[in-house]
Visitor: 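Before I ask anything, here is the structure I am working with.
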Amino acid sequence: MVQISDLSQYEEQQVTLKGWVATRRTGGKIAFITLRDGSGYVECVIDLQNVSEEEFEAAKRITQESSIILTGMVIKNERQSGGYELQVKKIEVVHIAEEFPLGKKEHGPDFLLNHRHLWLRSKKQWAILRIRNQLKMSIHHFFQDRGFIQTDSPILTGNAAEGTSDLFGTEFYKEGVEAYLSQSGQLYAEATAMAMGKVYTFGPCFRAEKSVTPRHLSEFWMIEPEMAFYDLDMDMDLIEDFIRFIITDVFEKCQTELKALDRDTFLFEHIHKPFPRITYEEAVDIIRGEREVNGKNAITVQEEDLAAVEAKLTVTKAEIEETEVLLKGNMKKGKRNYLQSKVDKLKKELKQLEEDARNIPLWIESSKNFPRGEDFGAPNERVLTRLFDTPVMVYKWPRAIKAFYMKRYPDDPEYIKGVDVLAPEGFGEVVGGSEREDDLEVLLASIRAHNLPEEVFQWYTDLRRYGSVPHSGFGLGFERTVMWITGAKHIRQTIPFPRYYGRLFP
RNA sequence: GCCUCCUUAGCUCAGUUGGUUAGAGCGUCGGACUGUUAAUCCGCAGGUCCUAGGUUCGAGUCCUAGAGGGGGCGCCA
């Protein structure tokens with residue numbers, strides 16, 4: 001059996017392809033079927049000169065997503081997107097599909113999610129899931145090549161790493177004692193690092209947050225490396241190498257997929273540059289417009305964005321009106337369809353622009369009045385990353401807003417040795433990391449200060465009793481990274497079957 | 001949890017200050033077409049206007065409640 005992705009090896013040869021009908025167009029004596037087999041897409045030409053009358057008639061009855069086996073010659077044809085087409089000689093039908101619910105016309109998000117099991121077959125979802133696969137392999141390659149041991153944290157745990165409010169719990173193990181689905185494997189990764197040196201986990205995380213947003217799932221995957229004898233600077237060096245490697249590797253290996261997604265190449269063109277490292281306090285100055293970045297001011301940049309949105313709003317409105325006037329006249333059906341779809345598209349853009357025009361002023365206010373000492377909100381992250389071409393690393397955070405296990409600066413104990421990596425183009429946080437507190441007494445005090453139950457952290461504090469060492473690690477949200485690389489507008493597209501508050505099926 | 005917008009045919013959407021028999025495109029089905037790539041031509045079918053109340057001579061349109069969905073914020077990865 002030949003895969004579509006390998007067709008270039010079979011030029012001018014006869015092959016048999018097995019797959020599904022992605023699209024089809026029939027004529028009187030010629031028909032076209034775009035066949036997909038999971039490895040790729042190929043246009044197949046069914047010419048009455050090459051097949052029997054019966055087969056041609058059968059071909060005309062083949063519906064979208066029917067499963068078929070085609071035998072024919074592989075012909076080079078520059079007009080086709082893959083460079084090759086199949087001149088069909090024989091058609092075998094495996095199954096004629098019922099009317100497929102997903103057509104060529106655009107669909108709403110809820111309809112698509114309800115048909116996720118079928119939506120996966122569409123070209124963009126195919127491309128995203130292939131990039132997801134490549135990203136996973138690139139991550140493993142990066143760590144494996146550097147002597148890291150892949151390890152697994154338990155998925156069911158008695159430990160709540162950062163509070164219990166957003167955990168899924170069950171009383172299965174002992175009456176009155178909650179077991180939780182893990183929200184992070186970090187604490188266990190730390191223990192494993194003390195045994196193995198450098199480790200990384202790649203496992204599922206669960207958050208019972210009722211957040212229904214384009215960036216949240218209740219079930220997602222996270223990569224959490226943990227390294228013994230690493231301080232924050234070494235951690236940041238590793239993070240930078242890591243991000244640059246995975247982005248570059250995916251970019252090199254997934255050209256076809258990125259093209260199918262119309263992903264612009266801005267990210268990939270700038271990723272080789274050094275990532276700026278700024279402290280929290282410097283970042284606050286930038287957000288509030290009190291410090292400039294390469295001559296760019298956060299407030300004025302947003303005001304310019306708003307002006308641009310408003311200008312575009314006027315232009316779009318005029319264009320819609322103009323097109324609607326045209327539509328009132330007489331014209332051919334094809335022309336009408338074209339104009340109608342243009343209006344639909346413009347109206348959709350208009351909605352988005354109106355949304356932006358409503359929101360940007362709120363974001364500007366949020367920037368101007370940002371209260372020093374607090375954690376960044378989405379608008380603050382957005383404007384900060386808006387000023388850079390590459391990911392930006394923000395380190396040295398106020399102790400009060402970060403997790404209990406992060407190490408204090410010995411000479412500046414109100415700050416901790418933590419880093420957030422914010423992806424450019426307004427994307428926001430993809431990595432959070434820190435050097436861990438390795439002093440037993442300081443750690444215990446921190447656990448108490450956060451009102452966490454000391455008993456369940458007994459084993460964790462043991463790591464500071466038996467050969468405590470400086471160590472660091474970080475966490476990378478896998479779906480967030482897929483979203484970033486693919487440019488997907490919604491995190492729900494980055495995992496085959498997304499789970500979030502309100503969705504358990506399919 | 002808060003703010004905001006939406007729910008009309010299988011899908012994406014129109015539907016004017018409340019007024020006869022609710023429209024379009026796509027898709028399906030039937031037919032025409034030898035090179036198509038969402039958008040050639042002709043024709044058929046397809047609707048409890050989200051649900052429950054209310055106002056009115058009359059409600060897809062107005063009011064109230066509920067359900068579902070989108071976007072923003074918060075929480076975060």
Side-chain angles (χ1 to χ4, degrees), chain A residues 22-34 41 43-49 56 60-61 63-64 77 79-81 85 87 98-115 162-163 165-166 183-184 186 205-224 324 327 332-345 347-348 351-352 354-356 358-360 362-363 366 375-382 403 420-421 423 428-433 474-484 489-491 502-503:
Chain A
T23 59
R24 82 201 160 93
R25 290 162 289 279
T26 57
K29 289 170 183 169
I30 190 162
F32 302 92
I33 285 176
T34 305
Y41 291 75
E43 188 84 340
C44 303
V45 185
I46 300 161
D47 195 321
L48 193 49
Q49 289 176 350
F56 191 80
K60 282 167 86 170
R61 288 198 306 275
T63 55
Q64 185 189 351
N77 187 338
R79 281 184 298 176
Q80 303 298 2
S81 57
E85 65 178 26
Q87 291 279 357
E98 293 176 24
E99 184 185 339
F100 199 63
L102 277 57
K104 291 169 191 164
K105 187 89 177 186
E106 247 188 278
H107 300 286
D110 195 46
F111 179 82
L112 289 170
L113 261 333
N114 283 333
H115 294 86
E162 296 167 42
S165 60
D166 55 0
Q183 58 175 184
S184 161
Q186 184 206 309
C205 295
F206 305 89
R207 305 270 166 102
E209 295 161 345
K210 292 184 176 176
S211 320
V212 187
T213 83
R215 290 167 59 82
H216 287 83
L217 292 169
S218 52
E219 178 184 304
F220 63 97
W221 291 71
M222 192 147 68
I223 295 89
E224 293 177 289
E324 280 181 332
L327 271 167
K332 279 198 164 184
K333 202 173 162 189
K335 177 84 172 164
R336 180 174 298 280
N337 287 347
Y338 171 77
L339 290 176
Q340 190 59 54
S341 65
K342 186 172 158 191
V343 169
D344 289 352
K345 203 178 149 199
K347 280 190 178 169
K348 215 172 174 184
K351 260 188 183 172
Q352 183 62 51
E354 283 169 347
E355 198 81 58
D356 289 347
R358 259 199 303 277
N359 288 326
I360 295 177
L362 299 176
W363 298 343
S366 169
D375 207 353
F376 299 153
N380 312 124
E381 284 188 0
R382 190 177 295 115
D420 279 5
V421 182
E429 183 174 348
V430 280
V431 165
F474 65 91
L476 173 87
F478 187 55
E479 282 75 18
R480 288 254 174 107
T481 309
V482 175
M483 196 178 164
W484 177 32
K489 286 285 170 286
H490 215 297
I491 200 164
R503 167 120 5 230

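Any value given below was found using the heavy atoms of this structure, including those in side chains, with hydrogens, waters and symmetry copies removed. Naming convention: chains lettered A, B, ... in sequence-line order (proteins, then strands); numbering from 1 in each chain.
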Visitor: Using only atom types and a distance under 3.5 Å, with no angle test, would you say the side chain of Q186(A) pairs donor to acceptor with the backbone of G475(A)?
Guide: no
Visitor: Return no unless some side-chain N or O of R25(A) is found under 4.0 Å from OP1 or OP2 of A39(B).
Guide: no
Visitor: Should H115(A) be listed as having a side-chain N or O under 4.0 Å from OP1 or OP2 of C11(B)?
Guide: no
Visitor: Can a side chain N or O of W363(A) be found less than 4.0 Å away from OP1 or OP2 on G72(B)?
Guide: no
Visitor: Measure from CG on D166(A) to P on C75(B) and round the result to the nearest Å.
Guide: 13 Å
Visitor: Does C2(B) have a Watson-Crick or wobble mate here (both distances under 3.5 Å), and if so which one?
Guide: G72(B)
Visitor: Using purine N1 to pyrimidine N3 plus N6-O4 or O6-N4 for Watson-Crick, or N1-O2 and O6-N3 for G-U wobble, each under 3.5 Å, what pairs with C62(B)?
Guide: G54(B)
Visitor: Looking at S366(A) and L362(A), would you say the former's side chain and the latter's main chain have a donor-acceptor pair under 3.5 Å?
Guide: no
Visitor: Using atom C1' of each nucleotide, how far apart are U61(B) and G19(B) to the nearest Å?
Guide: 11 Å
Visitor: Write down the distance between CZ (F376(A)) and P (G74(B)), rounded to a whole number of angstrom.
Guide: 13 Å
Visitor: Rounded to whole angstrom, note down the P distance from G47(B) over to C11(B).
Guide: 13 Å
Visitor: Categorize A31(A) for me: base, sugar-phosphate, or nothing, with a 4.0 angstrom heavy-atom threshold over every strand shown.
Guide: nothing
Visitor: When you match T213(A) and H490(A) each to their closest nucleotide on RNA chain B, which lands nearer the 5' end?
Guide: H490(A)
Visitor: Okay, side chain of E479(A), backbone of W221(A): is any donor-acceptor separation there less than 3.5 Å?
Guide: yes
Visitor: Taking N and O atoms by type only, does the side chain of S211(A) place a donor or acceptor under 3.5 Å from a partner on the base of C75(B)?
Guide: yes
Visitor: Send over the distance from I491(A) CD1 to G71(B) P, rounded to a whole Å.
Guide: 13 Å
Visitor: Would you mind telling me which of C76(B), G74(B), G71(B) lies closest to the side-chain atoms of P214(A)?
Guide: G71(B)
Visitor: With a 4.0 Å cut-off on heavy atoms, is L217(A) in touch with a base, just the backbone sugar-phosphate, or nothing at all?
Guide: base
Visitor: For F478(A), which contact category applies under a 4.0 Å heavy-atom criterion: base, sugar-phosphate, or nothing?
Guide: nothing
Visitor: Nearest whole Å is fine: how far is G10(B) P from F100(A) CZ?
Guide: 18 Å
Visitor: Hey, does the side chain of T213(A) reach the backbone of R215(A) with a donor-acceptor pair shorter than 3.5 angstrom?
Guide: yes
Visitor: Under a 3.5 Å cut-off for both contacts, is U28(B) paired Watson-Crick or G-U wobble with anything, and if yes, with which nucleotide?
Guide: none
Visitor: For V45(A) and F32(A), what are the C-alpha separation, side-chain angles and deciding distance, and is it a side chain to side chain contact (heavy atoms under 4.5 Å, CB included)?
Guide: CA-CA 5 Å; V45(A) 185; F32(A) 302 92; 4.1 Å; yes
Visitor: With P as the reference atom in both, quote the distance from A59(B) to G18(B) in angstrom, rounded to an integer.
Guide: 13 Å
Visitor: If I take atom NZ from residue K489(A) and atom CE from residue M483(A), how far apart are they, to the nearest 0.5 angstrom?
Guide: 8.5 Å
Visitor: Please check: side-chain N/O of Q64(A) versus main-chain N/O of L102(A), any donor-acceptor pairing under 3.5 Å?
Guide: yes
Visitor: Rounded to the Å, how far apart are E98(A) CD and G27(B) C1'?
Guide: 16 Å
Visitor: Distances under 3.5 Å between protein N/O atoms and the N/O atoms of nucleotides 31-35 of chain B, please, pair by pair.
Guide:
residue : atom : partner : partner atom : Å
C33(B)  : N4   : T26(A)  : O            : 3.4
G35(B)  : O2'  : R79(A)  : NH1          : 3.3
G35(B)  : O6   : Q87(A)  : NE2          : 3.4
G35(B)  : N1   : E85(A)  : OE2          : 3.2
G35(B)  : N2   : N77(A)  : ND2          : 3.3
G35(B)  : N2   : Q80(A)  : NE2          : 3.4
G35(B)  : N2   : E85(A)  : OE1          : 2.5

Visitor: Looking at R207(A), K210(A), Q183(A), which hits side chain to side chain donor-acceptor pair (under 3.5 Å) with D166(A)?
Guide: Q183(A)
Visitor: Using the 3.5 Å cut-off, write out each protein N or O paired with an N or O of nucleotides 66-69 of chain B and the distance between them.
Guide:
none

Visitor: Could you tell me how far U51(B) sits from U7(B) if I compare only their C1' atoms? Round to whole Å.
Guide: 11 Å
Visitor: To the nearest Å, give me how far apart CG (L102(A)) and P (C11(B)) are.
Guide: 11 Å
Visitor: In whole Å, measure the gap between the P atoms of A45(B) and G69(B) for me.
Guide: 36 Å
Visitor: Measure from CG on N359(A) to P on C5(B) and round the result to the nearest Å.
Guide: 13 Å
Visitor: Of the candidate nucleotides C29(B), C11(B), C76(B), which contains the atom at the shortest distance from the side chain of H216(A)?
Guide: C76(B)
Visitor: One pair to check against side chain to side chain contact (heavy atoms under 4.5 Å, CB included): R503(A) and N114(A). What are the steps and the verdict?
Guide: CA-CA 9 Å; R503(A) 167 120 5 230; N114(A) 283 333; 2.9 Å; yes
Visitor: Mapping G108(A) and P379(A) onto RNA chain B by nearest heavy atom, which one lands closer to the 5' end?
Guide: G108(A)
Visitor: What's the gap between G66(B) and U17(B) when it is taken at their P atoms, as a whole Å value?
Guide: 29 Å
Visitor: Given the P atoms of C2(B) and U20(B), what is the spacing between them in whole Å?
Guide: 41 Å
Visitor: Before accepting this row, confirm whether a basic side-chain N of the pair E43(A)/R25(A) lies closer than 4.0 Å to the acidic partner's carboxylate O.
Guide: yes
Visitor: Base, sugar-phosphate or nothing for G432(A)? Non-hydrogen atoms, less than 4.0 Å.
Guide: nothing
Visitor: Nearest 0.5 Å, what's the OG1-OH distance between T23(A) and Y41(A)?
Guide: 9.5 Å
Visitor: Taking atom P of G27(B) as reference, at what distance in whole Å does atom CD of Q64(A) sit?
Guide: 10 Å
Visitor: Applying the Watson-Crick and G-U wobble criteria at under 3.5 Å, what pairs with G23(B)? Answer none if nothing qualifies.
Guide: C13(B)
Visitor: Base, sugar-phosphate alone, or nothing: which one does T34(A) contact when heavy atoms must sit under 4.0 Å apart?
Guide: nothing
Visitor: Once you round to the nearest 0.5 Å, how far does CZ of F100(A) lie from OG1 of T63(A)?
Guide: 10.0 Å
Visitor: Hey, does R382(A) reach any base, or is it just sugar-phosphate, or nothing, if we go heavy atoms under 4.0 Å?
Guide: sugar-phosphate
Visitor: Please measure how far the P atom in C50(B) lies from the corresponding atom in U8(B), and state the result in whole Å.
Guide: 6 Å
